[in-house]
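Numbers restart at 1 for each chain; the letters A, B, ... are given by sequence-line order, proteins then strands. Bear in mind that the values here come from a model prediction, so they are computed numbers and not experimental data.
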Protein chains: 2
Amino acid sequence: MRKTEQRSAILRELQKRKDHPTAYDIYHTVRCSMPNISLGTVYRNLEYLAGKGMIRKIDSAGGKKRFDPNTQDHPHFHCLECDRVEDIPAATMPCVPDAGNDWPEGRIILGINLEYVGLCSSCAGRKTAVGHEGD
Amino acid sequence: MRKTEQRSAILRELQKRKDHPTAYDIYHTVRCSMPNISLGTVYRNLEYLAGKGMIRKIDSAGGKKRFDPNTQDHPHFHCLECDRVEDIPAATMPCVPDAGNDWPEGRIILGINLEYVGLCSSCAGRKTAVGHEGD
DNA sequence: TTCTATGCAAATTATTTGCAAACTA
DNA sequence: TAGTTTGCAAATAATTTGCATAGAA
């Protein structure tokens, strides 16, 4: 593992964000201070860092992969309206039957992804407050 | 909504499977009895049926979308080794705080996706039974 | 110097879309 | 007949990969 400006910049950028950026999002931002960085490098580093367990890759609904600087198991919330992904406090994680150990039928659970889908507060407010059901 | 042979065949095929096929998997199978069906038709119908709530689309880890004839909220298990997706009885679903209603910070929860990742029984057995950690 | 990481572009993979023809109601 | 659905192929979108060169140890 070599320490490169690119890798540091990518990690630093991800860590300062609370939204859950895609590789392209990171690329787009890091590019401001590092105009020559390539999308491929961003993808490679994000993948690398996730492999090292320094960040977490989340497969949220919607196709694209997103990244999270928080490597601890915690739920996410995906808004169907604005497509944003928010964090949900880990306290609401399911009552996992022996995560990390054997489990029903001999499986070995290594991780959990819990995603709630629905409408975020802004989008929900916009729909229920006034009563415009008809969108 | 018009009833076409293709749509029926796709739905029928999905309903008879317990694995969680991708659009291509369905296409590949349905093709045996309906050689001219196109991938586009499979994608369109799967999307259509999911929209109608007749089947469920699941965004599992790994990039491709998979489909499930069971529309009820229930957990899935994704094997990191063989990439298979299995069903987990709904009984192990998390203790959801008012799913379907408002929730922390004004969100409205419409659905839940719970995915456990790890090693399925076969893959787990292969790794722990003999003690071949190296691989 | 040695070998990893980068930039760039081409290559893949998954999914979507346009359009004329086929088919259902 | 009227309007939906299909097949085919081209178009997108997201991600990966090959390769020569720049850069870190």
Should [X] and [Y] count as an ion pair when the cut-off is N to O under 4.0 Å?
{"X": "A:Arg66", "Y": "A:Asp83", "value": "yes"}
{"X": "A:Glu86", "Y": "A:Lys18", "value": "no"}
{"X": "A:Arg17", "Y": "A:Asp87", "value": "no"}

Consider the side chain of [X], meaning its heavy atoms from C-beta on, and name the nucleotide among [options] that approaches it most closely.
{"X": "B:Lys64", "options": "C:dA14, D:dT16, C:dT6", "answer": "C:dA14"}
{"X": "B:Lys3", "options": "C:dA25, C:dT16, D:dT16", "answer": "C:dA25"}
{"X": "B:Thr4", "options": "C:dG7, C:dT6, C:dT24", "answer": "C:dT24"}
{"X": "B:Asn36", "options": "D:dT5, C:dT16, D:dG7", "answer": "D:dG7"}
{"X": "B:Ile37", "options": "D:dT16, C:dA5, D:dG7", "answer": "D:dG7"}

Measure from [atom1] on [X] to [atom2] on [N] and round the result to the nearest Å.
{"X": "A:Phe67", "N": "D:dA14", "atom1": "CZ", "atom2": "P", "value": "13 Å"}
{"X": "A:Leu39", "N": "C:dG7", "atom1": "CG", "atom2": "P", "value": "11 Å"}
{"X": "A:Tyr27", "N": "D:dT16", "atom1": "OH", "atom2": "P", "value": "16 Å"}
{"X": "A:Asp59", "N": "C:dT13", "atom1": "CG", "atom2": "P", "value": "18 Å"}
{"X": "B:Arg7", "N": "C:dA25", "atom1": "CZ", "atom2": "P", "value": "10 Å"}
{"X": "B:Arg66", "N": "C:dA14", "atom1": "CZ", "atom2": "P", "value": "10 Å"}
{"X": "A:Leu46", "N": "C:dA5", "atom1": "CG", "atom2": "C1'", "value": "15 Å"}
{"X": "A:Glu5", "N": "D:dA25", "atom1": "CD", "atom2": "P", "value": "12 Å"}

- Message: Whether the A:His76 and A:Asp68 side chains hold a donor-acceptor pair (N or O, under 3.5 Å, no angle test) is what I'd like checked.
- Response: yes
- Side chains of B:Asn113 and A:His78: is there a donor and an acceptor less than 3.5 Å apart? no
- Message: Quick check: on DNA chain C, is the nucleotide nearest B:Ala23 upstream (toward 5') of the one nearest A:Val42, or the reverse? Name the residue that is more 5'.
- Response: A:Val42
OP1 or OP2 of [N] versus the side-chain N and O atoms of [X]: is any pair under 4.0 Å?
{"X": "B:Arg2", "N": "C:dC23", "value": "no"}
{"X": "A:Gln6", "N": "D:dG23", "value": "no"}
{"X": "B:Thr22", "N": "C:dA14", "value": "no"}
{"X": "A:Asn45", "N": "C:dT6", "value": "yes"}
{"X": "A:Ser38", "N": "C:dA9", "value": "no"}

- Query: Do the side chains of A:Leu110 and B:Tyr116 get nearer than 4.5 Å, heavy atoms only?
  - Reply: no
- Message: Measuring only between side-chain heavy atoms, which start at C-beta, is A:Arg107 closer than 4.5 Å to B:Ile88?
- Response: yes
- Name the stems that DNA chain D belongs to, where each is three or more consecutive Watson-Crick or G-U pairs with both distances under 3.5 Å? C:1-25 with D:1-25
Pick out the pairs of N or O atoms, protein on one side and nucleotides 17-21 of chain D on the other, that lie under 3.5 Å.
{"unit_1": "D:dG18", "atom_1": "O6", "unit_2": "A:Arg44", "atom_2": "NH1", "d": "3.4"}

- Item | Cation over ring face, A:Arg7 and A:Tyr48, 6.0 Å, 45° | yes
- Message: Using modelled atom types and a 3.5 Å cut-off, is there a donor and acceptor pairing between side-chain atoms of A:Ser8 and backbone atoms of A:Thr4?
- Response: yes
- Query: Can any side-chain N or O of B:His28 pair as donor or acceptor with the backbone N or O of B:Ile26 at less than 3.5 Å?
  - Reply: no
